[in-house]
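Note that these values count all heavy atoms, side chains included, but never hydrogens, waters or copies made by symmetry. Remember, it's 1-based here, ligands and their atoms both numbered in the order they're listed.
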Amino acid sequence: MTKLWGGRFQKSAEQWVDDFGASIEFDQQLVIEDIDGSMAHVSMLGDCKILPPEEVQLILSGLGQLKVQAENGELIYSVTNEDIHLNLEKMLIDLIGPIGGKLHTGRSRNDQVATDMHLYLKKRVGEIIELISIFQQTILLKAEEHVETIAPGYTHLQRAQPISFAHHLMAYFWMLERDKNRFSESLKRVDVSPLGAGALAGTTFPIDRALAAANLNFGDIYANSMDAVSDRDFIVEFLSDSSLVMMHLSRFAEEIILWSSQEFQFIELDDAFATGSSIMPQKKNPDMAELIRGKTGRVYGNLFSLLTTLKGLPLTYNKDMQEDKEGMFDTVQTLLGSLKIFEGMVRTMTVHTEKLHTAVHQDFSNATELADYLATKGMPFREAHEVTGKLVFLCIQRGIYLLDLPLSDLVDASHLIEEDVYDVLSPMAAVKRRNSEGGTGFDQVRIQIEKGKKLM
Ligand code: ARG
């Protein structure tokens with residue numbers, strides 16, 4: 001089969017060479033974007049009187065037919081035609097005849113492929129933002145149920161201070177809010193049209209780039225044709241924003257895995273989001289959370305892969321840039337899948353309120369309360385810390401907790417301590433009293449949830 005660009009060539013490449021250079025196997029995912037881009041381009045060629053109306057109509061109807069076939073999965077691609085752009089152009093010519101060859105007037109595959117990528121990401125980023133938002137709403141609902149569920153809060157994975165379980169969940173809400181904002185903000189740079197940049201230098205045809213961009217609902221056009229065909233920053237940015245989402249999901253996944261372990265038993269995953277073991281009948285494994293934690297690696301990998309591909313590339317288009325696609329497609333699928341699964345996993349999980357309650361009563365996470373109590377009564381905080389530390393040690397020796405100490409021991413440690421200390425030491429009170437803005441106090445958590453809801 002002769003190539004669409006075969007004129008200058010005396011012999012054709014062997015099949016295995018073609019196979020290596022072809023991208024059709026993966027860039028066929030851009031079929032709809034490529035057809036939309038072509039339709040916008042050819043309409044503009046008509047409006048600018050570069051092509052006569054009847055030819056524009058013929059090409060548009062051919063493209064329309066190909067689009068229907070594409071949507072029905074009926075197109076058959078060939079590696080000989082290298083990529084989605086040449087495949088579609090060939091199909092168009094086969095369908096409507098040589099007039100189909102006029103579609104590529106004033107255009108190059110270089111601005112064409114860049115246009116496709118912009119269109120594709122614009123759509124997918126929108127879907128990702130939507131899924132993040134759905135996940136945030138689920139977190140809000142869970143948080144509302146658990147404002148007064150007290151749980152151990154950790155630093156260094158050591159029990160630190162008691163917290164409201166809702167407060168812990170809401171921390172992820174805010175991470176996701178930043179992720180969503182990053183994606184929304186990045187759309188400014190995705191929503192720019194390279195179409196009309198030609199191969200690199202623009203074109204001699206009297207095209208109207210703004211018109212073609214408007215046909216595709218782009219918000220802006222690239223100011224420099226060389227930048228337009230060389231720029232893949234918007235994909236790097238997408239991969240970077242995605243890496244942050246995955247990093248957040250992997251941290252949450254890690255907590256889900258810990259919380260559902262025998263050692264913690266803070267939550268139980270729904271059967272629908274867990275798996276069994278092929279050998280150990282008692283097992284219920286948090287596979288989905290582990291898989292999301294694991295998939296974080298491939299998303300980071302995709303970011304580094306593209307950064308490395310682009311490093312040191314001279315202007316303008318280089319075939320290296322064909323390597324921008326698979327990592328992007330993979331990241332889109334990974335992100336959409338992970339967000340969807342995570343939402344379902346959190347929505348259906350059972351929170352063991354009583355286990356959390358017991359856990360918080362069997363630790364020293366109320367020690368700061370005692371130190372603060374002494375400090376409030378005038379003792380310098382450093383000294384209060386020391387006195388409390390000694391009491392904790394005493395408890396450890398006796399195998400009890402601070403609330404179990406008789407008043408006499410407490411008074412021995414400091415005469416400032418009175419009967420009211422027991423109220424202060426209760427974990428429930430400890431959480432309630434942390435009423436500083438953004439703190440874990442129940443009232444503050446309620447305010448925070450309301451704030452979150454307003455963003456939805
Ligand atoms: N398949 C190519 C890519 O994905 C399309 C652009 C090809 N342009 C060129 N001059 N070879 O990058």
| task | Output every pair passing side-chain hydrogen bond (donor to acceptor under 3.5 Å, both in side chains) with a member in residues 185-206, not counting sequence neighbours, ordered by first then second residue. | result | Lys122-Asp191, Glu185-Lys188, Glu185-Arg189, Arg189-Glu237
| Does Asn72 have any side-chain contact (heavy atoms from CB on, under 4.5 Å) partners at least two apart in sequence or in another chain, and if so, which? | Val68, Glu74
Ligand 1 N/O to protein N/O, distances under 3.5 Å:
| residue | atom | partner | partner atom | Å |
| --- | --- | --- | --- | --- |
| ligand 1 | 1 (N) | Ser23 | OG | 3.3 |
| ligand 1 | 1 (N) | Asp83 | OD2 | 2.9 |
| ligand 1 | 1 (N) | Gln322 | OE1 | 2.9 |
| ligand 1 | 4 (O) | Lys325 | NZ | 2.5 |
| ligand 1 | 8 (N) | Asn110 | OD1 | 2.9 |
| ligand 1 | 10 (N) | Asn110 | OD1 | 3.1 |
| ligand 1 | 12 (O) | Tyr317 | OH | 2.4 |

| request: State which residues pass side-chain contact (heavy atoms from CB on, under 4.5 Å) with Arg209; sequence neighbours excluded, sorted by chain then number. | output: Ile207, Ile221, Tyr222
| request: Using the six-membered ring wherever Trp is involved, compare the ring planes of Trp259 and His168 and label them parallel, tilted or perpendicular (cut-offs 30° and 60°). | output: perpendicular
| Salt-bridge present (Arg347, Glu343; N to O < 4.0 Å) | yes
| Partner of Lys325 under side chain to side chain contact (heavy atoms under 4.5 Å, CB included), chosen from Asp116, Val113, Ile235, Asp330 | Val113
